[in-house]
Amino acid sequence: MRKQKRSMQKMIIAVMVIGSFLFGSCSKTEFTEAGKNDSPITSGADGENRDHSANGLPQETDSRLEVHFMDVGQGDATLISCDGYYMLIDAGNNDKGTAVWSYLKQQGVERLDYVIGTHPDADHIGGLDVVLYKFDCGTVIMPEVENDTRTYEDVVQAMEEKEYPVTCPVVGETYSLGEASFTVIAPNKDYGLDMNASSVGILVEHGENRFLLTGDAEEEGEEDILENGIDISADVYKAGHHGSKTASTEEFLNAVNPEYAVISCGEGNSYGHPHAEVLNRFRSMGIDVFRTDEQGTVVAVSDGREITWNCTPSESWQAGEPTGSSAGQNTEEKMVYITKTGEKYHREDCSYLKNGVEKISLFEAKERGYEPCKKCEPPVE
Ligand SMILES: [Zn+2]
Ligand SMILES: [Zn+2]
């Protein structure tokens, strides 16, 4: 089925390539605002007649796309390079900024054409301030959601000092990165203070190869991506929310239908990522899995047709085990309450809770640096 679909795409691309030679229209723009009149850029939900004209590669090309899923422990940092252009998506936790910077230097990065901070959680934007200070950065894309944390303030300060404007993600907009391009697929609405749901999601295309990255989007975010109608089928899927069972729903996976999945998580992380449910879904769909907790930095290279990897897929199918405060039954479902401006988390009936109350998991509250309220004494683990 997949093979059939692929060869059909090849035919379509061949026809388009010949067409573009005939009409001599292959000029590339630095930035294409796709779908002003006819968004989204990709056609039909059936995925059979994708419009690859934006990035259809000539038959003979030495264009090379590299996607580095960096090992930053529990967190995300992905470097994408294409033909001398660079993009960084997230930069790991606060203590990873320098490691990310030196990895980028090793890779020969001098300027980042794009920087995406998927959402203001510490395991994604923690190291971003270092990167923003150290590199000359082009377009910096971040969602319109603020976090009441020191980590987020550090990023805002770096942006101000370097005088970088924030570019807000607009679903359907396409940007070029050398011969490759990427399209914003999320966030699809205002999710209030739900950081994970606000994650910037992108689909990277290089010739026939497609990579989908959704940050920490969970079930609701995935549903909204499905609803926006953009074709999200991809060869490589970066498992949402570090392989948590709150993401990578069956419906979503069916739409992505990837050949490979990459899980970015830390060895022995306290959340138990990746969760067995997600690994089982991947396994039953015959998806090859790579994971940074077992394999370190995972690198995929695309020549526009084939994807090769720096390591062989993981065979362990080993789910993480929640430890410490995350261990035990049902702790994952423990929910607490926060407000827009407060620094504490509360029980539902706490009298300190007033307007703009948000229900989040205890894990998320702790991840985001909230302290337990002294009045209502909510659970601490
Ligand atoms: Zn995360
Ligand atoms: Zn998050």
Side-chain angles (χ1 to χ4, degrees), residues 69-78 88-97 99-100 115-129 131 141-152 154-155 169 186-188 190-202 212-222 224-225 237-249 252 261-275 278 291-293 298 320 322 325-326 332-336 338 345 358-370:
F69 302 92
M70 299 165 61
D71 175 15
V72 288
Q74 183 65 15
D76 272 7
T78 310
L88 181 72
I89 305 161
D90 292 335
N93 232 311
N94 282 294
D95 59 347
K96 300 295 181 203
V100 170
V115 174
I116 299 180
T118 59
H119 66 295
D121 274 343
D123 58 323
H124 296 255
I125 60 154
L128 209 55
D129 50 343
V131 170
I141 302 174
M142 294 200 287
E144 280 178 280
V145 58
E146 293 173 9
N147 204 349
D148 200 5
T149 58
R150 176 72 201 277
T151 301
Y152 178 70
D154 287 346
V155 172
N188 286 279
D190 181 355
Y191 294 93
L193 281 173
D194 187 337
M195 303 291 155
N196 287 348
S198 309
S199 288
V200 177
I202 61 164
L212 186 75
L213 301 92
T214 57
D216 277 357
E218 299 174 277
E219 193 171 350
E220 187 189 2
E222 290 181 353
D224 295 336
I225 291 170
Y237 166 58
K238 183 179 163 298
H241 199 197
H242 319 284
S244 166
K245 64 184 174 190
T246 58
S248 304
T249 60
F252 191 72
V262 181
I263 300 168
S264 181
C265 65
E267 197 181 347
N269 69 82
S270 62
Y271 306 93
H273 296 155
H275 290 147
V278 170
R291 38 196 290 187
T292 61
D293 61 337
V298 174
S325 60
S326 330
E332 200 120 21
E333 274 69 46
K334 254 181 208 166
M335 301 301 280
V336 294
I338 55 167
Y345 67 86
E358 185 86 13
K359 184 182 179 185
I360 62 171
S361 75
L362 174 58
F363 287 152
E364 192 71 18
K366 286 158 83 172
E367 192 186 88
R368 283 159 56 177
Y370 286 93

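Whatever order the structure lists ligands and atoms in, that order sets their numbers, starting from 1. Predicted, not measured: the structure shown is a model, and the values here were computed from it. What you see below is based on every heavy atom in this structure, not just the backbone, and it leaves out hydrogens, waters and symmetry mates.
- Counting only N and O atoms by type, the side chains of Thr149 and Thr151 include no donor and acceptor under 3.5 Å apart.
- The two residues Val200 and Pro143 come nearest to each other via the heavy atoms CG2-CD, 3.7 Å.
- At a cut-off of 2.8 Å, measuring from the Zn ion (ligand 2), the protein N, O or S atoms that fall short of it are His119 NE2, Asp121 OD2, Asn196 OD1, Asp216 OD2, waters left aside.
- Residues passing the ring-ring contact (aromatic ring centres under 6.0 Å, His included) test with His241 are His273, sequence neighbours excluded.
- With sequence neighbours excluded, the residues forming a side chain to side chain contact (heavy atoms under 4.5 Å, CB included) with Glu219 are Glu223, Thr249, listed by chain and number.
- Side-chain atoms of Thr118 and Asp216 include no donor-acceptor pair closer than 3.5 Å.
- When the side chain to side chain donor-acceptor pair (under 3.5 Å) test is applied to Asn196, the partners found at least two apart in sequence or on another chain are His119, Glu218, Glu364.
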